[in-house]
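The basis for the numbers below is simple: all heavy atoms, side chains too, and nothing from hydrogens, waters or symmetry mates.
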Amino acid sequence: MVAAGMAHGHAPEACWRCFAIGSDFGGYIDPINDYSTALAFPQFHSDLLASLADLRKKRPELFGTLRAEEAVDRVCYQNAMEFTFKHYP
């Protein structure tokens, strides 16, 4: 998705503002086995950070000036919070 956004002229930092972890209170979802409940969220956060730090080393153009820690914070927390405040004031 980041690469697709960049193909349309968006800066990589802006593309990382499009992802968020959410719930599926309105329907059925089959969770990823390793992270099947909210209790596993700290482990998910840690694993995602390790994966994105590795990806940033291999493909820095997908991050621009964004650090892996900032991308994880956006995906796990900040993007959902900004969406909620914008659309449900």
Next item on the list: With sequence neighbours excluded, tell me which residues meet ring pair (Phe, Tyr, Trp, His ring centres under 6.0 Å) with Tyr77.
Entry: Phe41, His45

Item checked: Nearest atoms (heavy-atom pairs only) where Ala38 meets Pro42 -> O-CD, 4.0 Å

Next item on the list: Would you confirm whether Trp16, through its side chain, and Leu62, through its main-chain N or O, come within 3.5 Å as a donor-acceptor pair?
Entry: yes

Notebook entry, point to check: Are Leu66 and Phe19 joined in one hydrophobic group, where the rule is that I, L, V, M, F, W and Y side chains link up if heavy atoms are under 4.5 Å apart?
Noted result: yes

Item checked: Residues that Ala20 engages under side-chain contact (heavy atoms from CB on, under 4.5 Å), provided they are two or more places apart -> Asn79, Ala80

Checklist line | Closest heavy-atom pair and its distance - Phe63, Pro12 | finding: C-CB, 3.8 Å

Margin query: Could you work out, with side-chain hydrogen bond (donor to acceptor under 3.5 Å, both in side chains) as the rule, every residue matching Glu13, not counting sequence neighbours?
Written below: Thr65

Next item on the list: Nearest 0.5 Å please: distance from the OG atom of Ser51 over to the CZ atom of Phe44.
Entry: 9.0 Å

Item checked: Listed partners of Leu49 passing side-chain contact (heavy atoms from CB on, under 4.5 Å), at least two apart -> Ala68, Glu69, Val72

Check: Which pairs count as salt bridge (Lys or Arg N to Asp or Glu O under 4.0 Å) when at least one residue sits in residues 32-56, sequence neighbours excluded?
Finding: Asp54-Lys58

Next item on the list: Rounded to the nearest 0.5 Å, what's the gap from CD on Gln43 to CG on Leu48? Could you check?
Entry: 11.5 Å

Next item on the list: Please collect all salt bridge (Lys or Arg N to Asp or Glu O under 4.0 Å) contacts where either partner lies in residues 74-89, sequence neighbours excluded, each pair once.
Entry: Arg17-Glu82, Arg74-Glu82

